[in-house]
Each structure stands twice: as C-alpha cells, then as structure tokens.
2 protein chains.
Amino acid sequence: MTGMLFDDEGRRLLDQLFDKWSLLVLEALCARPRRFHELREHLPAVTPKSLTTCLRRLERNGLVERLVLSTDPLAVEYRITRLGRTLEEPLQAMLRWVVDHLDVVETARSHYDERRSPEERSTRTS
Amino acid sequence: MTGMLFDDEGRRLLDQLFDKWSLLVLEALCARPRRFHELREHLPAVTPKSLTTCLRRLERNGLVERLVLSTDPLAVEYRITRLGRTLEEPLQAMLRWVVDHLDVVETARSHYDERRSPEERSTRTS
DNA sequence: CCGTATCCAGAATGATACTG
DNA sequence: CAGTATCATTCTGGATACGG
C-alpha cells in the first residue's frame, strides 16, 4: 500500500509533514486560527526562524493559509485549510497515542537500558 | 491536550517516532515479522546503519522486539510488540492520508510556486 | 547473514541581532 | 507585530569498508 512513499514525492511529503514542528503547528491551527506570536507562545521552544520555515512549508503544501490583515500595526493570521482539516483526525489520533503511552514507553526504555548495562546506572536519555 | 509533548520526554518520543524511517519500518512489521535483509529490501533507500539505528530505537521504546534465532547461519527476526500494535491504526491512517493526498499536495505546491514567481519557470522541488 | 566502525557532507536548528 | 539575516552548531544520515 505504501509503495508511493518510497519515491521522491512521497518521501518528501512524509518528511515535511513529520518534521520537528509541523504536527504541533497543525494541531494548534486545527483548534483555531492563530497569529504568529500566538504560535510562538503555544510552542515554547520554537525560534521565529524555524516557525517561519515550518509555516511556509505547510502553506506551500496547501495545509495552512496565511492571511494578512491590513490593520495597524500589521497583523497576520494563519488558519487551517480544508485540505489541512482532512488530516485532523489521523493527526489527533497519533498525538493522542503519544500522550497516552509516554509512561509505558518510558518504562520500556528503563528496562532496555538496564538489560544493556546491568552494573552501571547510566543516565543516558538519548 | 498536547501539553506533554512540549517537555523533553514528549518531544523526544515524537521525534523518534517520526524520524526518517520509523513509520515505514513499523508499518512493514505490522504486516508480518521480518528479517534484517527483508527490511532493507522493503525500504530501498535505507542504509544498514540507518536501519540499525532505527530498529534499536524502536526496540528501546518497546515497539519492536528483536529475536535471535540460533540457526546457522545466524538469523534475526524483528516483530512488532503488543505496544507497537496499539499504534497500528493511527499509523495506517496517517500513511493512508499521505498516499491519498499526494496529488492534491502536488497541485497546491505548483500553485504556490507560480504565485511566488509568476514570470520564471522555476524548477524548485524542495 | 547481520550487523558495526569510521568518516564525512549536508540539512536542520538554534542564537542573536536587525528590519518593514 | 511579524518576520529576515547571519553565523555557529548540532545532528542526521549516507558511503564505504570491515567484523562476528
């Protein structure tokens, strides 16, 4: 079924959707339209540069649209498109899975690390 | 809802799940257990190093298990765990979305690129 | 067959400062 | 407010060769 994901187009879209911020940005915009600085506050660790890159990419892929409101001072609003909205459910399901299984995964990691180094109490987290 | 995804644990799990190969490896293992070289054939562009890294990570996170079959020559089998299986549905939904919307996204990209450079026929694909 | 070791190029990201 | 520019750094991932 996923043969298409191995050619260049498929790989690129997959990589771009699942880059460091896209999923979280999309989720934030699914809830409601947001301004640039609102997104920055919502995603504490993102730098303006990374956020711009991410938003441009989502815009280019047709998942997000950028609206310049000609107010003073300048305001810009990002909102999910209809195409982006079709991704909402799968996206939410994946994020929910991650949140719901964080502790189980953490337990699995501990077991794995202990088995690999039974004597030393390593503090590796990578 | 996704507040947990902004701390270190959540971010790391998110990044590791959505690294370059994890999703495709997981999908392959959902279908059936596979040997190392089977995975390499299934994912044409992956190098042994990248595949190893990916598999170790999935194993550490408890999503995949590694079984050494003491045959001769040595055989190793990777299979999805019960925890990994709980991710199957959300995962399939996301991959299906990508496959189903590749063409729409491609169209969106063309429009975006044309609007940004109306005169020159740029061939950018990144 | 199943990886690991080493080296390295390029991408992704961050820090910081600055502009319309 | 909403970014861009620049520089430094980190990190991923590929190429290649070798080891258990």
Side-chain angles (χ1 to χ4, degrees), chain A residues 5-6 8 10-25 28-29 33-61 64-79 116-117 124-126, chain B residues 5-6 8 11-25 28-29 33-61 64-79 116 124-126:
Chain A
L5 299 181
F6 300 123
D8 280 354
R11 269 250 57 107
R12 187 154 39 236
L13 180 52
L14 205 58
D15 291 343
Q16 293 184 359
L17 266 183
F18 299 120
D19 73 358
K20 190 162 183 179
W21 299 108
S22 294
L23 292 184
L24 296 177
V25 167
L29 294 181
R34 312 225 189 200
R35 310 267 298 272
F36 191 82
H37 78 273
E38 290 181 285
L39 287 171
R40 288 197 65 184
E41 287 155 18
H42 188 75
L43 291 73
V46 72
T47 60
K49 177 184 168 185
S50 298
L51 184 54
T52 299
T53 305
C54 177
L55 286 168
R56 291 290 174 280
R57 199 138 64 182
L58 290 173
E59 195 191 350
R60 180 166 184 258
N61 287 335
V64 160
E65 62 181 340
R66 178 176 183 270
L67 297 168
V68 181
L69 313 175
S70 302
T71 56
D72 182 83
L74 176 64
V76 176
E77 193 177 81
Y78 293 92
R79 46 172 71 229
R116 299 208 72 187
S117 53
R124 66 188 298 254
T125 52
S126 65
Chain B
L5 299 180
F6 300 124
D8 280 355
R11 270 251 55 110
R12 188 154 38 235
L13 179 52
L14 205 59
D15 291 344
Q16 294 184 358
L17 268 182
F18 298 117
D19 72 358
K20 189 164 184 178
W21 300 107
S22 294
L23 292 183
L24 296 176
V25 167
L29 295 181
R34 313 229 189 197
R35 309 267 299 272
F36 191 82
H37 79 272
E38 290 182 287
L39 287 171
R40 289 197 65 183
E41 288 155 18
H42 187 76
L43 291 74
V46 74
T47 60
K49 176 187 168 183
S50 297
L51 183 54
T52 299
T53 306
C54 178
L55 286 167
R56 291 291 173 278
R57 200 138 64 181
L58 291 173
E59 195 191 352
R60 180 167 184 259
N61 287 335
V64 160
E65 61 181 340
R66 179 175 183 270
L67 297 166
V68 181
L69 314 174
S70 301
T71 56
D72 181 82
L74 177 64
V76 177
E77 194 177 83
Y78 292 92
R79 46 172 71 231
R116 299 207 71 188
R124 67 188 300 253
T125 52
S126 63

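In this text, all values refer to a predicted model and were calculated from it rather than measured experimentally. Letters A, B, ... mirror the listed sequences (proteins, then strands); counts begin at 1.
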| Taking the six-membered ring of A:W21, is NZ or CZ of B:R11 closer than 6.0 Å to its centre and within 45° of its axis? | yes
| note | Side-chain contact check for A:T47: nearest option of D:dG13, D:dG3, C:dG14 is C:dG14
| Under 4.0 Å between a side-chain N or O of B:T53 and OP1 or OP2 of D:dT12? | no
| request: Taking only the side-chain heavy atoms of B:H37 (C-beta and beyond), determine which of C:dT4, D:dG14, C:dC1 contains the nearest atom. | output: C:dC1
| request: Step by step, work out the salt bridge (Lys or Arg N to Asp or Glu O under 4.0 Å) result for A:E77 and A:R79. | output: CA-CA 7 Å; A:E77 193 177 81; A:R79 46 172 71 229; 3.0 Å; yes
| task | Grab the OH-P distance between A:Y78 and D:dA2 for me, whole Å please. | result | 8 Å
| request: Can you tell me the distance, in whole Å, between the CG atom of B:D15 and the C1' atom of D:dT10? | output: 14 Å
| query | Judged by atom type as modelled, is there a donor-acceptor pair below 3.5 Å linking the side chain of B:T53 to the main-chain atoms of B:K49? | reply | yes
| said: Measure CG/B:L69 against P/C:dG3 and give the value in whole Å, please. | reply: 11 Å
| query | How many Å lie between CG on B:L43 and P on D:dG14, as a whole number? | reply | 11 Å
| query | Can you say whether the rings of B:Y78 and B:F36 are parallel (under 30°), tilted (30 to 60°) or perpendicular (over 60°)? | reply | tilted
| request: State which of D:dA2, C:dC1, D:dG3 makes the closest approach to the side chain of A:A75. | output: D:dA2
| Rounded to whole angstrom units, what separation is found between the CH2 atom of B:W21 and the C1' atom of D:dG14? | 11 Å
| message | Is there a side-chain contact between A:T52 and the phosphate of D:dT4, meaning an N or O under 4.0 Å from OP1 or OP2? | response | yes
| said: Checking contacts here: which listed nucleotide (D:dC1, D:dG13, D:dG3) is nearest the side-chain heavy atoms of B:R57? | reply: D:dG13
| query | Given B:S22 and B:D19, is the side-chain contact (heavy atoms from CB on, under 4.5 Å) satisfied, shown in steps? | reply | CA-CA 6 Å; B:S22 294; B:D19 72 358; 2.5 Å; yes
| query | If you check the B:K20 side chain, which of D:dG3, D:dG14, C:dC2 turns out closest? | reply | D:dG14
| task | Have a look at B:R66 and say if it touches a base, only the backbone sugar-phosphate, or nothing, with a 4.0 Å heavy-atom cut-off. | result | sugar-phosphate
| Does the base of D:dG14 carry an N or O that pairs as donor and acceptor with the side chain of B:K49 under 3.5 Å? | yes
| remark: Closest to the side chain of B:S50, out of D:dG13, D:dT4, C:dT4, is D:dG13
| request: Between B:E38 and A:V46, name the one whose nearest nucleotide on DNA chain C is closer to the 5' end. | output: B:E38
| request: Report which part of the nucleic acid B:R56 touches: base, sugar-phosphate, or nothing (heavy-atom distance under 4.0 Å, all strands). | output: sugar-phosphate
| note | Atom CD of A:E77 and atom P of D:dG3 are separated, to the nearest Å, by 12 Å
| note | From CG of B:D19 across to P of D:dG14 the rounded distance in Å is 11 Å
| message | In whole Å, I'd like the distance from the CD atom of A:E59 to the C1' atom of D:dA2. | response | 14 Å
| query | Parallel under 30°, tilted from 30 to 60°, perpendicular over 60°: which one fits the rings of B:F18 and A:F18? | reply | parallel
| request: Tell me whether the OP1 or OP2 atom of C:dC2 has a side-chain N or O from B:R35 closer than 4.0 Å. | output: yes
